[in-house]
Structure formats: structure tokens, C-alpha cells
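Everything on this sheet refers to the single structure shown next.
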There are 2 protein chains.
Amino acid sequence: MAKVDLARRAEIGREKREKTRALILDAGTMLMAERPREAVTIDAVVEAAGVAKGTFYYHFQSIDELAAAVGEKLGESFDAVLGDARRALEDPLKRLSFAFTKFLEKAISDANWARLVVQSSQSRGEYARGVRTNLKADIAQAIVQERVSIRDAELAVDIVMGIWLQVTRGILDRGTRPEVTQQTVESVLRALGASRSDQENAWKKWS
Amino acid sequence: MAKVDLARRAEIGREKREKTRALILDAGTMLMAERPREAVTIDAVVEAAGVAKGTFYYHFQSIDELAAAVGEKLGESFDAVLGDARRALEDPLKRLSFAFTKFLEKAISDANWARLVVQSSQSRGEYARGVRTNLKADIAQAIVQERVSIRDAELAVDIVMGIWLQVTRGILDRGTRPEVTQQTVESVLRALGASRSDQENAWKKWS
DNA sequence: TGTCATATTGACTAAATAGTCGATTTGACC
DNA sequence: GGTCAAATCGACTATTTAGTCAATATGACA
């Protein structure tokens with residue numbers, strides 16, 4: 001007859017649930033960093049996570065759902081990497097340079113993150129949407145302000161993202177040197193056709 | 001007791017062999033254009049090729065061997081796309097612009113080729129080595145000639161390849177417009193830090 | 001300590017995939 | 001038409017993977 005607090009019960013469950021879910025999510029993140037999601041099996045995930053197969057299905061319906069969760073977490077990491085400094089920058093080219101620099105620095109310091117970024121870039125949309133959207137907004141603004149000579153925002157986004165992804169791959173494959181980040185950003189600004197002064201300014205302290 | 005010409009027999013076999021091998025190779029090429037090789041199964045290949053499974057193993061030891069053959073064929077297609085015009089160009093920046101233009105045009109006219117290029121770019125080395133090697137040679141020469149401001153050839157290669165691959169993806173995902181090719185090449189030259197006159201010259205007729 | 005909603009387990013079936021191999025077909029040549 | 005080496009076939013076994021579910025464990029709380 002005990003009066004059981006069902007709401008409390010559910011909450012307890014949710015906490016325990018979150019721990020295991022995080023275990024699976026971490027394992028999935030690791031595996032999806034090192035191979036395409038199509039090659040990530042549920043068996044591999046549960047073994048890496050150290051849980052039973054049934055537990056996987058208790059938390060996720062499929063590998064696709066896990067992949068979506070991994071993608072969402074990656075998306076959040078982008079915001080985390082940028083902090084709130086990004087929003088404070090009014091200049092679109094400074095915002096772009098700032099984000100680009102932060103992403104490269106993150107890739108240098110966290111190879112697994114870099115690997116996940118590169119792998120995720122293959123699969124349609126998903127995670128990249130957020131990055132792409134922000135990037136496009138910055139570039140569109142720069143175009144309106146006539147700060148860049150390139151006219152096609154969509155093309156400009158591809159160019160910037162292409163450089164980002166491939167340089168990230170290069171860092172993974174061949175390591176890096178201290179100047180690479182700055183040189184890459186300079187190259188991005190040149191690619192967009194930024195003015196010489198913008199090329200120098202954008203790199204200067206984001207403050 | 002007929003005197004059978006064994007050498008002739010073998011030759012006949014080789015011809016028949018080549019036909020079936022090509023069938024399998026084409027099927028593999030198609031499948032590897034639309035998904036990562038890790039997701040291409042032997043069953044899928046033999047079904048697409050219309051041959052029995054045993055026949056696959058008669059021609060290839062594994063999917064990896066098939067993938068290598070596909071990669072080799074792709075590598076040859078690069079040479080074919082360029083023709084021998086490339087060798088005739090002495091100017092490294094013109095060579096680069098020429099090849100870049102041809103590759104983009106090919107991607108526009110042959111979506112399957114573009115898909116295969118993009119998919120192949122994920123897997124380590126293999127096909128890309130040839131492209132990368134040529135590209136690096138051109139860029140190194142341009143650096144020596146002080147035609148570009150960028151100093152790090154390896155970084156420059158990543159930048160050019162990144163733009164190439166991502167713009168190719170863009171063409172696949174969002175189609176293209178006539179000016180995209182030219183604008184992209186201009187952007188690549190700017191990214192490398194080519195002089196204004198080189199930016200204009202390199203685009204002009206390759207003759 | 002017993003209760004019970006929640007979470008976890010792992011054995012199980014079904015399906016997909018890899019790889020093998022003896023039987024059969026093919027086709028140029030005699 | 002018969003021969004035979006090469007090529008092809010497809011049924012077969014073994015292994016991997018997906019997905020299910022009844023049984024069990026967990027742990028806060030009465």
C-alpha cells in the first residue's frame with residue numbers, strides 16, 4: 001500500500017538511464033570517428049560500450065538514431081568551441097576568422113574530434129547544417145558590405161568549408177606546424193577576395 | 001591427340017576474362033560512387049554485375065582488391081580528362097588552373113564520376129596520390145618562381161584539394177551555374193596568393 | 001527487509017554476408 | 001561433332017549482424 005512517488009521513481013530511472021546512454025553515445029562517437037557510420041555495427045558499439053545488446057535497443061532504435069545523437073553532440077561542441085565570443089564580434093570577417101581559427105585549434109588539440117568532423121562531413125547534411133548556416137550568414141553579410149569580391153555565397157561557403165575540412169585532414173595525416181592555422185585563415189580570406197586591410201585586420205586580436 | 005596451342009587457349013581465355021572482369025569493375029565503380037567502400041558488399045556487386053558469386057572470386061580476391069582496381073581506373077580517368085594538353089603547359093599556374101577547370105567540368109558533365117571522386121577522397125591515399133603528387137609539383141614550382149605568396153606547399157595542396165572536393169560536392173548537391181567553374185579557379189589562385197596579373201592570365205586560353 | 005518501476009542482461013531467431021568448391025558451360029580448335 | 005582448358009555458375013557452410021524478449025538485477029523508499 002506504500003505511497004510510491006512515481007515521479008521520483010521516473011527521475012531516478014532517468015539518471016541511471018543517462019549514464020548508460022552516455023556510455024553508448026561515447027562508444028558510438030569513438031567508432032564513428034574512425035570509420036563511416038555505415039561500417040559501425042551495433043555489436044561493435046555494445047562491445048565498446050561494455051553493455052548488452054538489449055541495452056542498446058533500450059536507448060536507441062537503430063544505428064541511425066545513434067548517429068543522429070552523435071551528430072547533435074558534435075553540433076553542440078561547435079558552439080562550445082566558439083564560446084560566446086563569437087556572438088560578440090560584429091564584423092562578419094572577424095567572426096569567420098575567429099571560428100575558423102578555433103576549429104583548427106580544436107582539431108590540433110583533439111584528434112578524435114577532428115576525425116569525427118571529417119567523417120561526418122561525408123554524410124548528407126545533419127551536423128554540418130548548423131556550421132554551414134552560420135558560415136553562410138557571415139559570408140552573405142560580408143558580400144552585402146562589399147568586403148569580399150566573391151559574389152556567390154553558396155560557392156563561397158563551399159570554398160571555406162572545403163579548406164577547413166581538407167586542412168583538418170592534413171593535420172590528422174601529416175601533423176601540423178604552429179603557423180599553419182594563421183596561414184590557412186589568411187588563405188581563406190584571400191580566397192574570398194577580402195581587401196588587403198581586411199586580410200590583416202581579421203587576423204588581429206578578436207577583441 | 002590434337003596438337004593444342006596452349007598459348008592460344010590462354011589468350012582466348014584472357015579475352016573472355018576481360019569482359020567479365022570489366023562487368024564486375026563497372027558494377028563496383030557504380031556502387032563505390034554511391035556509398036563508402038566499407039558498405040559495398042560482394043553480394044551487391046555480383047547482383048549489380050549480373051554474375052555469380054564464384055565469378056567474383058575468380059577475378060578478385062576481395063572487395064579491397066576491387067576497390068584498388070576502381071581506384072586505378074579512376075586515376076587513369078584523371079589523365080584522360082586532362083589529355084596531353086597539360087604536359088604542354090609550361091606555366092605551373094596555368095597547368096593548375098587548366099587541370100582544376102577540367103576536373104570541375106568533368107564533375108558537372110558526369111555526376112557518377114564526381115560521386116566516385118568524392119567518395120574516394122575519404123579513403124587514405126590510393127587514388128589521390130597521383131593527383132596530389134602532380135598538384136604538389138606544380139605548386140612547388142610556383143613557389144620557387146615566387147608566383148604565389150603561400151610558402152607551405154603541403155598546406156597549399158590541402159587548400160586546393162579542399163576547394164576542389166567541396167565544390168564538387170556542391171555541384172552534386174546543389175547543381176551549378178555556368179560561372180561557377182571560372183569563379184572557383186579565380187578563388188583558388190587568390191587563395192594561393194597569386195599576383196593579380198597571374199589571376200587574370202591563368203584563366204585565359206591555355207594555348 | 002520487501003516492494004516495484006526501471007534498467008539491464010544475454011540467449012535466441014532471422015537475415016545478411018563471406019568464402020568454398022564440384023558441376024556445368026563456353027568456344028576455339030581439330 | 002568431339003575435345004579440353006578456361007571461365008562461369010550457384011548451392012553450400014560458416015560467420016557476422018540485426019533485432020527480440022523473457023528473465024534478472026538495481027536501488028530508492030516505505
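Proteins come first, then strands; the chains are lettered A, B, ... in the order of their sequence lines, and each starts at number 1.
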- Item | Residue mapping more 5' on DNA chain C - nearest nucleotide basis, G54(B) or I63(B) | I63(B)
- Item | F56(B) CZ to dT20(C) P, straight-line distance once rounded to whole Å | 12 Å
- Classify the nucleic acid contact of T41(B) as base, sugar-phosphate or nothing, counting any heavy atom under 4.0 Å across all strands shown. sugar-phosphate
- Donor on one side chain, acceptor on other, Q141(B) and R95(B), under 3.5 Å: yes
- Round to the nearest Å and state the distance from K19(B) atom NZ to dA28(C) atom C1'. 13 Å
- Task: Output the distance between atom CD (Q119(A)) and atom CG (L31(A)), rounded to the nearest 0.5 Å.
- Result: 11.0 Å
- Between dT9(C) and T55(A), is there an OP1 or OP2 to side-chain N/O distance shorter than 4.0 Å? yes
- Note on the structure: note: D43(B), atom CG; dA15(C), atom P; distance rounded to Å ~ 15 Å
- Task: Round to the nearest Å and state the distance from K53(A) atom NZ to dG10(C) atom C1'.
- Result: 10 Å
- Message: Tell me if a side-chain donor or acceptor on S77(B) pairs with a main-chain N or O of L74(B) at a distance below 3.5 Å.
- Response: yes
- Task: Any chance you could measure L135(A), atom CG, to F100(A), atom CZ, to the nearest 0.5 Å?
- Result: 9.0 Å
- Rounding to a whole Å, what distance do you find between Y58(A):OH and dA18(D):P? 22 Å
- Item | A52(B) side-chain proximity, nearest of dT9(C), dC9(D), dG19(C) | dC9(D)
- Task: Please determine, for the side chain of V51(A), which listed nucleotide (dT9(C), dC9(D), dA18(C)) has the closest atom?
- Result: dT9(C)
- Whole-Å distance between dG10(C) C1' and Y57(A) OH? 14 Å
- Nearest whole angstrom, please: distance from the C1' of dT26(C) to the CD of E18(B). 17 Å
- Whole-Å distance between dA16(C) P and E47(B) CD? 12 Å
